[in-house]
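Both backbone and side-chain heavy atoms feed into the values below; hydrogens, waters and symmetry mates do not.
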Amino acid sequence: LPLNVQILPTGITLLFSLSCVLQEPGGSATSNIAVQINSPPRFGLFAVSPDEEVELDFLFSFSCSRWIDEDLPLSYQFGFISNVGNQVTLRSRLPVSFAELMLPAGMRKRNYSVTNFAQIYDAFLSVTTVSYFVRVRPQDITEVADLSDYVGESVLGGLTSNNVDTLKQTIASSSSL
């Protein structure tokens with residue numbers, strides 16, 4: 001019997017029963033099983049600071065605290081929503097509840113607002129996603145050479161450190177310029 005686990009209520013115990021009735025010689029049997037449905041992490045805080053800064057000039061502090069779940073350890077993933085509405089992960093899931101990340105500028109028509117997210121996972125990968133808005137103004141890069149230098153240095157730094165998340169940040173930041 002297939003079940004869509006996305007629609008099961010979380011944090012409660014469900015009782016499943018299976019009954020069988022035999023026509024000949026006449027008899028029946030019933031079996032029950034109780035299943036505890038995992039609930040995602042809850043009741044925590046997520047913040048990004050500062051609330052306003054210029055892209056590429058500053059690392060934003062992403063921080064989660066006070067998250068509760070019975071199924072430890074918790075892990076944390078951070079990112080932002082791109083100007084076209086896609087989720088962009090800047091720091092992959094790790095058991096560290098904070099990160100220093102670079103953000104691209106928001107769109108002018110949205111007053112440079114950028115939606116950031118944290119995804120908090122328990123040991124069974126049940127997840128809660130929360131968001132926080134900051135204002136990221138565009139960098140005043142007037143020379144193509146300046147942009148080229150920034151991208152080149154950032155990519156080289158990510159490659160030499162073997163850090164995929166650094167490369168993600170470079171690509172995300174550069175794509176908005």
Side-chain angles (χ1 to χ4, degrees), residues 6 10 39-69 71-177:
Q6 301 300 322
T10 61
S39 60
R42 59 198 178 280
F43 306 129
L45 302 173
F46 170 53
V48 179
S49 64
D51 287 331
E52 183 174 341
E53 193 51 72
V54 175
E55 69 178 340
L56 311 178
D57 271 355
F58 200 83
L59 290 173
F60 287 81
S61 296
F62 286 58
S63 177
C64 287
S65 61
R66 301 184 184 165
W67 288 92
I68 300 170
D69 196 278
D71 305 312
L72 301 176
L74 297 181
S75 55
Y76 306 84
Q77 182 165 283
F78 299 110
F80 70 97
I81 306 299
S82 74
N83 289 334
V84 295
N86 297 325
Q87 259 192 1
V88 178
T89 299
L90 293 176
R91 211 286 306 274
S92 301
R93 193 167 51 88
L94 291 171
V96 179
S97 64
F98 57 90
E100 300 285 318
L101 303 169
M102 218 172 267
L103 291 171
M107 294 178 70
R108 183 177 183 188
K109 69 181 180 182
R110 294 186 186 139
N111 198 26
Y112 304 111
S113 179
V114 175
T115 303
N116 302 283
F117 66 85
Q119 294 174 312
I120 302 90
Y121 293 84
D122 70 9
F124 296 110
L125 302 182
S126 185
V127 62
T128 296
T129 301
V130 290
S131 60
Y132 193 95
F133 301 91
V134 295
R135 188 171 175 225
V136 186
R137 296 182 318 274
Q139 177 70 259
D140 184 25
I141 294 181
T142 56
E143 298 292 324
V144 174
D146 292 341
L147 176 58
S148 178
D149 289 346
Y150 164 75
V151 173
E153 289 170 13
S154 297
V155 168
L156 184 60
L159 291 173
T160 57
S161 69
N162 291 322
N163 187 337
V164 173
D165 289 331
T166 299
L167 292 173
K168 287 180 191 177
Q169 290 180 61
T170 299
I171 292 166
S173 299
S174 302
S175 66
S176 73
L177 298 173

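No option in Pro40, Ser39, Pro41, Pro73 other than Pro41 meets the side chain to side chain contact (heavy atoms under 4.5 Å, CB included) test with Asp122.
Note that CG of Leu74 is 9.5 Å distant from OG of Ser97, once rounded to the nearest 0.5 Å. Atom OG1 of Thr129 is separated from atom CZ of Phe46 by 10.5 Å, given to the nearest 0.5 angstrom. To the nearest 0.5 Å, atom OH of residue Tyr132 and atom CG of residue Asp51 are 4.0 Å apart. With values rounded to the nearest 0.5 angstrom, Arg108 atom CZ is found 14.0 Å from Asn83 atom CG. In this structure, Tyr76 OH and Gln119 CD are separated by 13.5 Å, a value rounded to the nearest 0.5 Å. Between atom CZ of residue Arg93 and atom OH of residue Tyr121 there is a gap of 6.5 Å, rounded to the nearest 0.5 Å.
The two atoms that bring Pro50 and Phe58 nearest to each other are CD-CE2, 3.2 Å, heavy atoms only. The two residues Phe78 and Cys64 come nearest to each other via the heavy atoms CE2-SG, 3.7 Å. Considering all non-hydrogen atoms of both residues, Gln139 and Val54 come closest at CA-CG1, 3.9 Å. Looking at every heavy atom in both residues, Val48 comes nearest to Asn116 through CG2-CB, 4.0 Å. In terms of heavy-atom proximity, Leu45 sits nearest to Arg66 at CD1-NH1, 4.0 Å. Listed here is the closest heavy atom pair of Ser61 and Glu100: OG-OE2, 2.8 Å.
Salt bridge status for Glu52 with Arg137: present, with a side-chain N to carboxylate O gap under 4.0 Å.
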Which is it for Val134 and Ser113 under the side-chain contact (heavy atoms from CB on, under 4.5 Å) test, yes or no, and what are the steps along the way?
CA-CA 6 Å; Val134 295; Ser113 179; over 6 Å; no
Report the C-alpha distance between Leu90 and Phe80 in whole Å, list the side-chain angles of each, state the deciding distance to 0.1 Å, and finish with yes or no for side-chain contact (heavy atoms from CB on, under 4.5 Å).
CA-CA 8 Å; Leu90 293 176; Phe80 70 97; 3.7 Å; yes
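Side-chain contact between Leu59 and Leu101 is absent, with no heavy-atom pair separated by less than 4.5 Å. The side-chain heavy atoms of Val136 and Tyr112, taken from C-beta on, include no pair separated by under 4.5 Å. By the 4.5 Å heavy-atom criterion applied to side chains, Leu94 and Ser75 are not counted as neighbours. Looking at Gln87 and Ile81, their side chains come closer than 4.5 Å, going by heavy atoms from C-beta outward.
No cation-pi contact links Arg91 to Phe62, judged by a cut-off of 6.0 Å to the six-membered ring centre and 45° from its axis.
Side-chain atoms of Glu55 do not come within 3.5 Å of backbone N or O of Pro104 as any donor-acceptor pair.
Open room surrounds CZ on Phe98; 12 or fewer heavy atoms of other groups in view lie less than 6.0 Å from it.
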